[in-house]
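I have placed the structure first, in the form of structure tokens, so that the comments after it can refer back to it.
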Amino acid sequence: MASEDLRDTGVWRYPAIAACLVAAIAHLPVTPSHLREAAYLGVLFVLLELACVALALLLQLRSDRLVALLVAGLGAAAIIAYVVSRSIGLPLVRDDIGNWADPLGVLSVAAEAAMVGFGVAGWSHRREARPLARRAGLAGAAAILGAGLAMTVVAASADVGAAGTGGMGTAASDSYWAAVGGSAFSSDGVTRTYYIEADEVVWDYAPTGSNQVTGKPFDDVAATYAVAGPGRIGPKYLKCLYRGYTDAAFAHLRSRPASEQYLGLLGPVIHAAVGDTIKVVFKNECPFPTSMHPHGVFYAKDSEGAGYNDGTSGADRLDDGVPKGGTHTYTWKVPQRAGPGPADGSSVMWMYHSHTAEVADTYAGLMGPMVVTRAGQARADGSPKDVDREVFMEFFIDNEMASPLLADNVKRYLKAPVSPDLLNSEQFAESNLKHSINGYLFGNMPMPTVRKGQHVRWYVMDMGTEADLHTPHWHGNDVTVNGMRMDVVSLLPAGMVVADMVPDDVGTWLFHCHVNDHITAGMISRYRVTR
């Protein structure tokens, strides 16, 4: 009987070989992206491909009932995994949920279904095929293999076209756009809690007392913005800033390491991955109501942090403006549409700021950055795995004339008597326009340091008025933005740009706004590249 089984050349055998090969080939185009997204899934794809090829080779040698059963079993297991990934999702992989129409997925399931069918036929068929049937089986196998190869090429091309330059693969198909267009939030079970307080602090725009870019004392132009004197406040101001704390008692300020001192007046960096929930326990210690309003993520009305005529009342209004000494917990969900799109890298930038009296609040200093990383590509802290160093920069003409703390600053820092004519003069107004990067003037920002060959991701943002049209420029190195190589990027108020750099030029380099009058007013800093 064993020798009869080994000689069995039933009509099912050759189509089964072709189905195994098509199943292996159909998985190849998406294997690299799955290895990047979730390594275990990429490894499973590789094992499936190897198993399919091994069975095809084994079928050349023997076609007994055991081999037929292996063919059917492998096809059935792969189909079950496909159904699970599209229905409830797999660990670290949520992009495929609901993505039933993915061309490569449909093709692979068709090939796996053929494996099941031919395997079952082989398990039940024990007669040697006649020459005519054998030729029919060979013809059928050739047709399956040829059609499978052609359909794989077409399906893979469709996925690449849909994904653009972002390398999203199947996630950028029609179902991807349906998902980002309003599908239900799919939680990964992770909640990231931040304790942030709005504190009144004394801020110094030029703490070194000199121009660190020129290495010389401030000249007359720079003194307008950076030196205290008759008719001007100088570099120090009372401001309200977001600061991170260790817990809900708000007794212990979370200190910033030396590598983050350049962040200046920016609030704590909030990191999250798609599928996470962000919970911000917020306390206000500023002398006016403040809030936290996020960009990009999903929030209910009790966590919007903005008050306006939206038809809400009661508990849904408590987030609008937290009074001095008050607390409020904001809950923000991170759905697919808050994460990277088809042309993005592994993470995108959003911001948060106070929106109780938005203009005054931002001029008081209440702003901070937020990063959302693609599912499966985040470290434990939410930062992207493929990035060695993240750097955050805010370009902002901070108009202290519009700050709610102006009267306190005048009283505290201007020598009496202060005449109304002075407060209304153009010279006084100009001296209060702080053309800053992260709240620093004329190179006073602590230099961020990166290493040659690192993957550095720069997140740059902007706030302000029509005067805040900024063009951040890196000396010495360049960046890639949306697939384009450049060394100057463009920012509009409330704009955010993600720029990737692999520095190759060691040294200390300028980083500044390229608008001429912004340069002369102090919107200039430096960064360092080491070996």
Side-chain angles (χ1 to χ4, degrees), residues 10-35 37-59 63 65-125 140-141 143-156 158-159 169-171 173-176 178-179 186 376:
V11 69
W12 69 276
R13 182 182 190 182
Y14 303 111
I17 293 174
C20 288
L21 292 176
V22 172
I25 294 168
H27 286 85
L28 285 174
V30 294
T31 299
S33 63
H34 282 308
L35 283 168
E37 183 180 16
Y40 84 91
L41 185 59
V43 170
L44 289 176
F45 268 50
V46 171
L47 293 176
L48 174 62
E49 292 153 8
L50 292 175
C52 287
V53 173
L55 283 176
L57 294 175
L58 186 59
L59 281 167
S63 57
R65 300 181 75 181
L66 176 59
V67 177
L69 188 60
L70 289 174
V71 171
L74 182 62
I79 292 173
I80 292 172
Y82 178 86
V83 171
V84 171
S85 70
R86 265 59 180 179
S87 55
I88 63 175
L90 297 172
L92 302 179
V93 182
R94 302 284 176 174
D95 295 344
D96 288 335
I97 295 177
N99 190 14
W100 299 99
D102 163 38
L104 282 171
V106 172
L107 176 60
S108 64
V109 167
E112 290 150 6
M115 289 171 61
V116 174
F118 292 127
V120 171
W123 185 81
S124 60
H125 178 77
I144 292 173
L145 188 58
L149 288 171
M151 293 173 66
T152 299
V153 171
V154 172
D159 277 346
T170 58
S173 63
D174 290 343
S175 60
Y176 167 77
S186 179

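Here the OG-CD1 distance, from S108 to I79, works out to 9.0 Å after rounding to the nearest 0.5 Å. Between the CZ atom of F45 and the OG1 atom of T31 there is a distance of 6.0 Å, given to the nearest 0.5 Å. Taken to the nearest 0.5 Å, the CG atom of L57 stands 8.5 Å off from the CD1 atom of I17.
For A51, the side chain to side chain contact (heavy atoms under 4.5 Å, CB included) test picks out L74, with sequence neighbours left out.
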I'd like a table of donor-acceptor pairs (distance under 3.5 Å, sequence neighbours excluded) in which one partner is a side-chain atom from residues 21-30, with atom names and distances.
residue, atom, partner, partner atom, Å
H27, ND1, A23, O, 2.6
H27, NE2, E112, OE2, 3.3

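Put simply, the side chain of V53 does not reach to within 4.5 Å of the side chain of C20, judged on heavy atoms. Within the 4.5 Å cutoff, the side chain of W100 has heavy atoms near those of the V83 side chain. For the pair M115 and C52, the minimum side-chain heavy-atom distance is below 4.5 Å.
For V116 against G75, the heavy-atom pair with the smallest separation is CG2-C, 3.7 Å. The two residues F118 and A16 have their closest heavy-atom pair at CB-CB, 3.8 Å. Taking all atoms of both residues into account, the shortest heavy-atom contact from V43 to L35 is N-CD2, 3.7 Å.
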Requested in this report: Walk me through it: do L90 and Y40 pass the test side chain to side chain contact (heavy atoms under 4.5 Å, CB included)?
Outcome: CA-CA 11 Å; L90 297 172; Y40 84 91; 3.3 Å; yes
